[in-house]
2 protein chains.
Amino acid sequence: MIIAMFELRHLAALDAIATEGTFGRAATRLGYTQSTLSQQIAALERAVGGPVFDRPGGPRPARITPLGRVVLEHARTMLAAADAAGEDIARFHAGGGRVDVGTFQTVTNVLLPPVVAALRSDHPDCDIRLVEDETETPTLAGLDLMFFDGPGAPDLDRVRLLADEHVLVAPRAMFRASRVAVDRLDGVPMIGLPPICDQRRVEDQLADLGVRPRFVFRTADNQAVVSMVRGGLGCAVLPLLATGSARSDDQVTLHRLRPALPPREVYLLWQGTLSPLAARLRDLSVAAARDLTSSGACRL
Amino acid sequence: MIIAMFELRHLAALDAIATEGTFGRAATRLGYTQSTLSQQIAALERAVGGPVFDRPGGPRPARITPLGRVVLEHARTMLAAADAAGEDIARFHAGGGRVDVGTFQTVTNVLLPPVVAALRSDHPDCDIRLVEDETETPTLAGLDLMFFDGPGAPDLDRVRLLADEHVLVAPRAMFRASRVAVDRLDGVPMIGLPPICDQRRVEDQLADLGVRPRFVFRTADNQAVVSMVRGGLGCAVLPLLATGSARSDDQVTLHRLRPALPPREVYLLWQGTLSPLAARLRDLSVAAARDLTSSGACRL
DNA sequence: GGCGATGATCATACAAACCGATCATTTCCA
DNA sequence: TGGAAATGATCGGTTTGTATGATCATCGCC
């Protein structure tokens with residue numbers, strides 16, 4: 001007997017007949033004719049190598065055979081899985097399901113909250129998973145979308161979300177002018193993020209200008225950088241959005257740099273076809289970024 | 001998007017391509033051509049309402065899409081179930097699997113042991129389940145085979161296994177002759193099984209002959225009946241096989257009755273098509289019964 | 001003995017599967 | 001820069017399978 005030559009439609013027929021008792025009623029329920037069901041069962045019996053129903057003849061209903069019971073048991077498993085698949089597919093198309101997003105602090109704190117709120121208001125049961133994996137060469141593996149401060153690998157799809165101006169955050173007494181010349185940072189005690197990604201680029205650019213700050217503390221936490229500046233430990237060069245809600249006050253001052261460093265460019269990366277949910281997240285993110293830019297939040 | 005119009009073969013293609021990476025290798029593995037797999041995936045994509053693979057073009061391999069992942073997850077469930085079904089079907093045809101048998105004490109103790117031994121020697125993993133349900137009108141529901149002391153309902157299939165002579169079991173001092181006239185049992189203290197099935201027929205037949213024994217103890221346990229006779233509590237009329245290995249000794253004597261009561265006829269009943277395992281059990285039971293009969297074990 | 005329900009069977013129209021050949025695209029290498 | 005190699009898509013044609021409606025055989029029941 002040959003292996004697994006049966007079709008889902010045959011198994012549905014088996015189930016319907018076993019449930020309804022007769023070929024005719026099962027055919028009605030499935031929207032077929034009795035003739036079709038007879039042939040489907042015949043095909044199934046060819047596939048499994050023996051009869052699945054006893055047909056006593058006359059008005060007596062069909063009775064399932066031991067072989068039929070064996071097949072039926074598995075058939076119901078498969079039909080249930082098919083149903084579940086259909087539901088998941090429908091949910092997928094409706095914009096539900098799951099989306100895995102790579103992000104980083106600024107995006108998580110500034111951009112994503114309204115995006116997530118909008119998604120969850122449309123699809124309360126959608127499964128949004130955020131992963132913060134700030135490494136030098138991040139990967140898209142296992143992610144549907146990834147926010148990144150650069151255009152990423154050339155074979156990826158991308159959209160540029162915003163340009164985030166680099167500003168100087170300094171203890172209040174340190175600088176007066178609203179614009180500070182970059183070379184005044186040479187030798188100055190400085191707080192920094194770990195030297196990867198944007199922070200690395202900033203330091204490289206300063207070095208190209210002959211400026212070598214003296215890093216006295218590094219932390220991966222944007223807010224902690226600002227707090228240390230606030231404590232007077234040193235100053236910091238940060239993308240404006242990374243400063244959070246910090247603005248010039250009685251402890252810190254924010255300054256533009258002269259010459260201005262190239263801004264941090266935030267991209268959203270993905271690869272190939274997106275799920276409707278992920279596409280919606282992308283579109284909402286683009287809109288949110290446009291709002292941020294036009295509201296002036298990315299420029300001092 | 002339409003519901004569950006996909007076929008197992010499409011899901012197998014999906015799985016193979018997701019595993020192998022390219023349509024061509026997957027086609028080779030499945031024994032199809034690349035063209036066929038392209039068309040199968042196209043059909044699947046029509047069924048699920050969207051692409052399941054991104055085809056980057058050129059020598060780059062196909063990559064599964066989010067929708068493809070959703071489908072693939074369920075596909076693997078269904079394919080695993082199909083595999084399991086195939087294995088169960090193969091086991092079924094080879095004579096393995098499960099069989100549910102209704103039996104009763106005599107059959108369990110005398111007939112079945114060698115039958116079960118033979119079955120389990122052929123198929124060590126076969127699942128033989130015995131149910132002792134000694135009621136007046138037993139049912140075949142949930143059973144593949146049923147041993148019964150009568151021909152059963154007319155719409156059942158049956159085979160007559162053996163005729164088991166009714167004998168008198170008496171305390172040693174009670175009767176001398178090897179044949180005892182039935183009417184000598186009138187008023188005699190007697191041990192009996194519950195008055196159903198064969199026991200009921202025996203009592204009816206005695207009553208028809210004007211014989212009314214005095215039942216002083218009833219138990220459903222054949223061996224307990226003999227034990228009570230051995231204790232001198234009374235005598236008993238039993239089918240010979242129900243006496244187990246009891247024979248005339250220094251405590252009990254076995255006697256033929258005059259006139260002989262009709263023997264207990266043991267049938268094996270079933271309905272419709274049997275599984276190979278059940279058919280084998282039936283055939284072995286017929287052979288075992290023939291052995292019992294020809295060895296004289298059913299006649300004193 | 002006829003009625004009604006059951007499932008099987010047949011002929012036919014239609015759809016789908018599969019294959020072989022071919023094509024378009026892209027990468028890689030010389 | 002041009003061509004070889006590998007990818008998947010597409011097309012035409014044959015085969016296979018599917019669904020239908022009509023008809024037939026069987027059997028229980030009134």
Side-chain angles (χ1 to χ4, degrees), chain A residues 2 4-14 16-48 50-65 68 153-157 271-273, chain B residues 2 4-14 16-48 50-65 68 153-157 271-273:
Chain A
I2 310 94
M5 278 302 301
F6 45 69
E7 309 264 348
L8 281 179
R9 141 175 30 101
H10 300 157
L11 301 181
L14 177 74
I17 296 171
T19 304
E20 293 288 336
T22 75
F23 283 50
R25 275 200 301 278
T28 302
R29 196 176 78 172
L30 295 177
Y32 290 132
T33 62
Q34 172 261 319
S35 168
T36 296
L37 248 65
S38 262
Q39 294 185 59
Q40 285 187 348
I41 293 299
L44 177 61
E45 290 178 330
R46 244 177 293 131
V48 302
V52 296
F53 286 111
D54 280 324
R55 292 83 150 176
R60 284 170 300 183
R63 287 175 41 85
I64 197 162
T65 63
D155 63 334
L156 297 182
D157 298 296
Q271 183 166 35
T273 304
Chain B
I2 310 92
M5 278 303 300
F6 45 70
E7 310 262 348
L8 279 180
R9 130 177 38 99
H10 301 156
L11 302 181
L14 177 74
I17 297 171
T19 304
E20 294 288 336
T22 75
F23 283 49
R25 275 200 300 278
T28 302
R29 196 176 77 172
L30 295 177
Y32 290 132
T33 62
Q34 173 262 320
S35 166
T36 296
L37 247 64
S38 263
Q39 295 182 61
Q40 286 186 348
I41 293 300
L44 178 61
E45 291 178 330
R46 248 176 290 128
V48 302
V52 295
F53 286 111
D54 280 323
R55 290 85 150 176
R60 287 169 299 184
R63 289 174 40 86
I64 197 161
T65 63
D155 63 333
L156 297 182
D157 297 297
Q271 183 166 34
T273 304

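Letters A, B, ... mirror the listed sequences (proteins, then strands); counts begin at 1.
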Q) What does B:Ala42 touch in the nucleic acid at a heavy-atom separation under 4.0 angstrom: a base, only the sugar-phosphate, or nothing? A) nothing
Side chain to side chain contact (heavy atoms under 4.5 Å, CB included) filter on B:Gln39, not counting sequence neighbours, yields B:Ser35
By nearest-heavy-atom nucleotide on DNA chain C, the more 5' of B:Gln34 and A:Arg60 is A:Arg60
task = Remember a base hit wins even if backbone is also touched, and classify B:Ser35 as base, sugar-phosphate or nothing at under 4.0 Å, heavy atoms.
result = base
Across all chains, not counting sequence neighbours, the side chain to side chain contact (heavy atoms under 4.5 Å, CB included) partners of B:Arg60 are B:Pro56
Discussion item. By the 4.0 Å heavy-atom rule, please label A:Phe53 as base, sugar-phosphate, or nothing.
Written reply: nothing
Practice problem: Tell me what A:Gln39 touches on the nucleic acid: a base, only sugar-phosphate, or nothing, going by heavy atoms under 4.0 Å. | Solution: base
> Would one find a side-chain N or O of B:Arg55 under 4.0 angstrom from OP1 or OP2 of D:dT7?
Replying inline: no
Sorted by chain and number, sequence neighbours left out, side chain to side chain contact (heavy atoms under 4.5 Å, CB included) with A:Gln271 holds for A:Leu140, A:Asp155, A:Leu156, B:Arg63
Rounded to whole Å, the CG-P distance (B:Leu8 to D:dG17) equals 16 Å
Here the distance between atom P of D:dA9 and atom CD of B:Gln40, to the nearest Å, is 13 Å
Whole-Å distance, B:Asp155 CG to D:dC29 C1', equals 16 Å
Counted 5' to 3', the first and last nucleotides of DNA chain C within 4.0 Å (strictly under) of a heavy-atom of chain B are C:dA17 to C:dT27
Applying side chain to side chain contact (heavy atoms under 4.5 Å, CB included) to A:Ala12 and not counting sequence neighbours gives A:Leu79
Exercise. Would you check if B:Phe6 and A:Leu8 make a side-chain contact, meaning some heavy-atom pair closer than 4.5 Å?
Key: yes
*asked:* Does A:Thr36 reach a base, just sugar-phosphate, or nothing at all? Heavy atoms under 4.0 Å.
replied: base
Whole-Å distance, B:Arg25 CZ to D:dG8 C1', equals 13 Å
Across all chains, not counting sequence neighbours, the salt bridge (Lys or Arg N to Asp or Glu O under 4.0 Å) partners of B:Glu45 are B:Arg55
A:Asp54 versus B:Thr273, side-chain donor and acceptor atoms under 3.5 Å
yes
